[in-house]
Amino acid sequence: MLDTPQPGKKIRSDAIAEQLEEAVINGEIAAGARLDETSIAAQFNVSRTPVREALHILCGRGLAEREPYKGVIVTQISAERIDEMFEAMAELEATCGRLASHRMTMSERAELESLHREMNALAEEGDHAGYNEINTRFHSLLFQGSHNSDLIAAAQTLRLKLAPFRKYQLKDKGRLKRSCSEHQQIVDAILDQDAKAVENALRRHLVSAAQEVLVKRQRQEDDAVAKINRLGKA
């Protein structure tokens, strides 16, 4: 359920977007549903301006689209579409990683290792929000390490579209630990300047993340169907 803010608490457009994104991805807001600015503003106790900005974020990430005479409508995101986006991200990250294995400076390699240690600690604590934040920095540093501005721009653009899904799959503590293990392989390969190992590790990492998203979605769909069947028999 979407969280209703406490009185006096200022809600920013990115916070509203974050809640709407999660509700769309987990199926709480169904594909084809209209996201009404007025009702959302009332629910969050804000003006329509931050809501309009939040909906703009959702549209930019492909989770919703503006349709003439209808407004903002939640997009149908199929398993195939998710698979395609993660596949493209895997190839971009693998290319960035291959270049970064030889182009990263000593300070960039040291920072990557430092971020990895920080994420290990956050995973042990089960701090999903903190882990997601550092995880974004970790992968962005790999992009930057390629020292190719066009690749960096392309990777960052696609990462923004995938950000809600990547955050969604990190909400399980077991997944956090698996992610850390996968990151260890990436860091080791970077420090060894092993281009092929970096490529392979990043592709496996993205495949693992995609599988986690798809499995969670399928589980939620199955639970929803089971709930409907139970209500029908009641």
Side-chain angles (χ1 to χ4, degrees), residues 12-15 17-18 21-22 57 60-61 85-213:
R12 299 183 305 174
S13 58
D14 54 355
E18 184 177 343
E21 286 171 351
E22 183 169 353
I57 293 172
R61 293 181 176 176
M85 287 193 291
F86 271 99
E87 179 182 49
M89 189 78 257
E91 291 307 311
L92 275 172
E93 290 213 26
T95 300
C96 286
R98 174 173 55 81
L99 295 174
S101 68
H102 293 291
R103 296 182 180 180
M104 266 187 154
T105 64
M106 292 297 290
S107 60
E108 286 173 332
R109 294 173 199 274
E111 184 181 356
L112 191 73
E113 196 170 20
S114 176
L115 290 174
H116 175 54
R117 286 197 299 268
E118 195 171 344
M119 279 189 286
N120 278 331
L122 291 168
E124 285 297 324
E125 296 169 5
D127 185 346
H128 309 288
Y131 189 96
N132 183 65
E133 181 181 346
I134 305 300
N135 185 55
T136 299
R137 289 169 54 191
F138 179 91
H139 285 274
S140 293
L141 183 58
L142 285 171
F143 305 158
Q144 296 295 330
S146 71
H147 294 277
N148 181 301
S149 59
D150 290 309
L151 276 175
I152 294 167
Q156 294 288 19
T157 297
L158 186 52
R159 182 168 181 85
L160 281 175
K161 284 190 174 183
L162 271 176
F165 297 96
R166 295 183 84 156
K167 181 177 181 180
Y168 173 67
Q169 55 95 27
L170 288 173
K171 292 203 168 182
D172 175 74
K173 189 171 182 178
R175 174 56 192 155
L176 290 185
K177 292 185 176 181
R178 290 192 296 276
S179 177
C180 282
S181 177
E182 292 161 10
H183 282 170
Q184 184 66 63
Q185 296 175 31
I186 296 166
V187 171
D188 287 345
I190 286 286
L191 295 180
D192 290 341
Q193 297 188 34
D194 188 334
K196 181 55 68 175
V198 176
E199 276 189 310
N200 291 338
L202 280 164
R203 285 196 180 96
R204 286 195 298 268
H205 183 50
L206 270 293
V207 166
S208 178
Q211 288 176 336
E212 191 76 20
V213 170

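What you see below is based on every heavy atom in this structure, not just the backbone, and it leaves out hydrogens, waters and symmetry mates.
- Every side-chain contact (heavy atoms from CB on, under 4.5 Å) that D188 has, sequence neighbours left out, goes to Q184.
- Separating the CD atom in Q185 from the SG atom in C180 is a distance of 12.0 Å, to the nearest 0.5 Å.
- Take E118 and apply the side-chain hydrogen bond (donor to acceptor under 3.5 Å, both in side chains) test, not counting sequence neighbours, and it matches no residue.
- In this structure, Y131 and L122 approach most closely via the heavy-atom pair N-CD1, 3.7 Å.
- No donor-acceptor pair under 3.5 Å is formed between the side chain of K173 and the backbone N or O of D127.
- Residues Q211 and F86 have side chains not in contact (no heavy-atom distance under 4.5 Å, counting atoms from C-beta outward).
- The CG atom of L141 sits 10.5 Å away from atom CZ of R109, with the distance rounded to the nearest 0.5 Å.
- Between E93 atom CD and E199 atom CD the span is 12.5 Å, to the nearest 0.5 Å.
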Checklist entry - Can V187 and E113 be said to form a side-chain contact (heavy atoms from CB on, under 4.5 Å), step by step? => result CA-CA 6 Å; V187 171; E113 196 170 20; 4.3 Å; yes
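- By the 4.0 Å N-to-carboxylate-O rule, R203 lies close enough to E91 to be salt-bridged with it.
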Run the side-chain donor-acceptor check on residues 152-162: report pairs under 3.5 Å with partners two or more places apart or on a different chain.
residue, atom, partner, partner atom, Å
Q156, NE2, S140, OG, 3.4
T157, OG1, A153, O, 2.9

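- If you take CZ on R166 and CE on M85, they are separated by 11.5 Å, rounding to the nearest 0.5 Å.
- Rounding to the nearest 0.5 Å places OG of S181 at 10.0 Å from CZ of R178.
- The shortest heavy-atom contact between H205 and S179 is CE1-OG, 3.6 Å.
- H128 approaches L176 most closely through the heavy-atom pair ND1-CD1, 3.4 Å.
- Using modelled atom types, no side-chain atom of R204 and backbone atom of E182 make a donor-acceptor pair closer than 3.5 Å.
- With values rounded to the nearest 0.5 angstrom, M106 atom CE is found 8.5 Å from L191 atom CG.
- Test R103, H102, E108 against H147 for side-chain hydrogen bond (donor to acceptor under 3.5 Å, both in side chains) and you get one pass: E108.
- Considering only heavy atoms from C-beta on, L151 comes within 4.5 Å of C96 through its side chain.
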Checklist entry - Which is it for L202 and L142 under the side-chain contact (heavy atoms from CB on, under 4.5 Å) test, yes or no, and what are the steps along the way? => result CA-CA 10 Å; L202 280 164; L142 285 171; 3.9 Å; yes
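- Under the side-chain contact (heavy atoms from CB on, under 4.5 Å) criterion, E133 pairs with no residue at all, not counting sequence neighbours.
- A pairwise comparison of heavy atoms in R175 and S208 identifies NH1-OG, 2.8 Å as the closest pair.
- The heavy-atom pair separating I57 from S13 by the smallest distance is CD1-O, 4.5 Å.
- Contact annotation: the side chain of H116 never approaches that of I186 to less than 4.5 Å [non-hydrogen atoms, C-beta and beyond].
- Annotation: side-chain contact (heavy atoms from CB on, under 4.5 Å) contacts of S101 (sequence neighbours excluded): I190, A195, V198.
- In this structure, the side-chain hydrogen bond (donor to acceptor under 3.5 Å, both in side chains) partners of N135, at least two apart in sequence or on a different chain, are H139, H183.
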